[in-house]
Q: 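Handing you this structure, nothing more for now.
Counting starts at 1 for both ligands and their atoms, following the listed order.
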Amino acid sequence: MSNRVRLGVNIDHVATIRNARGVSYPDPARAAVVALEAGADGITAHLREDRRHISDADIDHLAAMLRERGRPLNLEMAVTSEMLEIALKHRPHAVCLVPERREERTTEGGLDVAGGHNWITPFVEKLSANGSRVSLFIGADPAQIEAASRTGAAVVELHTGAYCDAARDGDADAAATLLVGLKAGAKLAASLGLEVHAGHGIDYETVTPIAAIPEVAELNIGHFLVGEAIFIGLGPATVEMRTRIDAARAGA
Ligand code: PXP
């Protein structure tokens, strides 16, 4: 296993800023180019059912741009027939299946693969057969990880949101417990042959313990980087995140 952790930069919230005004800027595809040039390995975008940030046209544009550059697009989407059709048409390098409720501000919990196994598995099969690498966004719960493995998905993305919130809130005990769970989840997933990704809520501080988990192969980070872009620019923020990931992996 390569020791390098891939960094996927999620550019959804560039679209959030654009949509606040209903104009054509800032352009998420331009942000994607900046992130790639600064050391991102790929670009992640979540086409939500309500299109609150990324639009269908953004996905068309990003997919074409990334294909031309030979860089991966990781399309996050809900498990719906509408999204399946879009993903089958674009055949992105990766598809991450996420739970989605319209009223939530962001993806608040992981997918219930254990409970929804029968309807999630056909999505995994169709997307995989179409050439996309399928990832399931789940909590680090052994029952969910085992269920994910039974769907035939190649990847699980472990939800780091609760850990990152606890760490940022200064709740050291909760953060420590949640980190132990993430480490155990990553180990279990890898033992079942799943590639392990992690994401949600990661910032410059929380990236270090997460990137140090040896089984983690990829991190997907968005909101914090777009926030930092206001102060230092998306390129320098991506470089800083990349540097911290590499240092965590080197044990620095
Ligand atoms: N991974 C998944 C599956 C997500 O849904 C999100 C949020 O869209 C992220 C990673 C990135 O989270 P954040 O924007 O908090 O860094």
Q: Would you mind checking if Glu85 and Lys89 are paired as a salt bridge, meaning a charged N to carboxylate O distance below 4.0 Å?
A: no
Q: Distance check, rounded to the nearest 0.5 Å: Ile210 atom CD1 versus Glu205 atom CD?
A: 11.5 Å
Q: Within ligand 1, which atoms have a heavy atom of Glu76 less than 4.0 Å away?
A: 1 (N), 2 (C), 3 (C), 4 (C), 5 (O), 6 (C), 8 (O), 9 (C), 10 (C)
Q: Closer than 4.0 angstrom, basic N to acidic O: yes or no for Glu125 and Arg150?
A: no
Q: In ligand 1, which numbered atoms sit nearer than 4.0 Å to a non-hydrogen atom of Phe137?
A: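 Selected atoms, number and element: 2 (C), 3 (C).
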Q: Within ligand 1, which atoms have a heavy atom of Asn10 less than 4.0 Å away?
A: 8 (O)
Q: Between Glu76 and Arg48, is the closest basic N to carboxylate O distance under 4.0 Å?
A: no
Q: Hey, which atoms in ligand 1 end up nearer than 4.0 Å to a heavy atom of Gly201?
A: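 The atoms of ligand 1 under 4.0 Å from a heavy atom of Gly201 are 12 (O), 13 (P), 15 (O), 16 (O).
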Q: Is Asp58 salt-bridged to Arg18, cutoff N-O under 4.0 Å?
A: yes
Q: Taking 4.0 Å as the limit for heavy-atom contacts, which would you say applies to Asp12 with ligand 1: side chain only, backbone only, both, or neither?
A: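 Just the side chain.
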Q: Going by the order shown, which atoms of ligand 1 are within less than 4.0 Å of some heavy atom of Val98?
A: 3 (C)
Q: Taking only heavy atoms of Asn220, which atoms of ligand 1 are found under 4.0 Å from at least one of them?
A: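 By the 4.0 Å cutoff, the relevant atoms are 10 (C), 11 (C).
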Q: Crowded around Arg168 CZ? As in, over 12 foreign heavy atoms under 6.0 Å?
A: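 Correct, the count exceeds 12.
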Q: Mind checking whether Glu157 has an N or O less than 3.5 Å away from an N or O of ligand 1?
A: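 Checking ligand 1 against Glu157, an N or O pair does fall under 3.5 Å apart.
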Q: Atoms of ligand 1 less than 4.0 Å from Ile221 heavy atoms?
A: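 So the atoms of ligand 1 that pass are 16 (O).
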Q: Which ligand 1 atoms are under 4.0 Å away from a heavy-atom of Gly222?
A: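 Those of ligand 1 that fall under 4.0 Å from Gly222 are 13 (P), 14 (O), 16 (O).
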Q: Aromatic rings His200 and His159: how do their planes relate, parallel, tilted or perpendicular, breaks at 30° and 60°?
A: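 The arrangement is tilted - the two ring planes meet at 30° to 60°.
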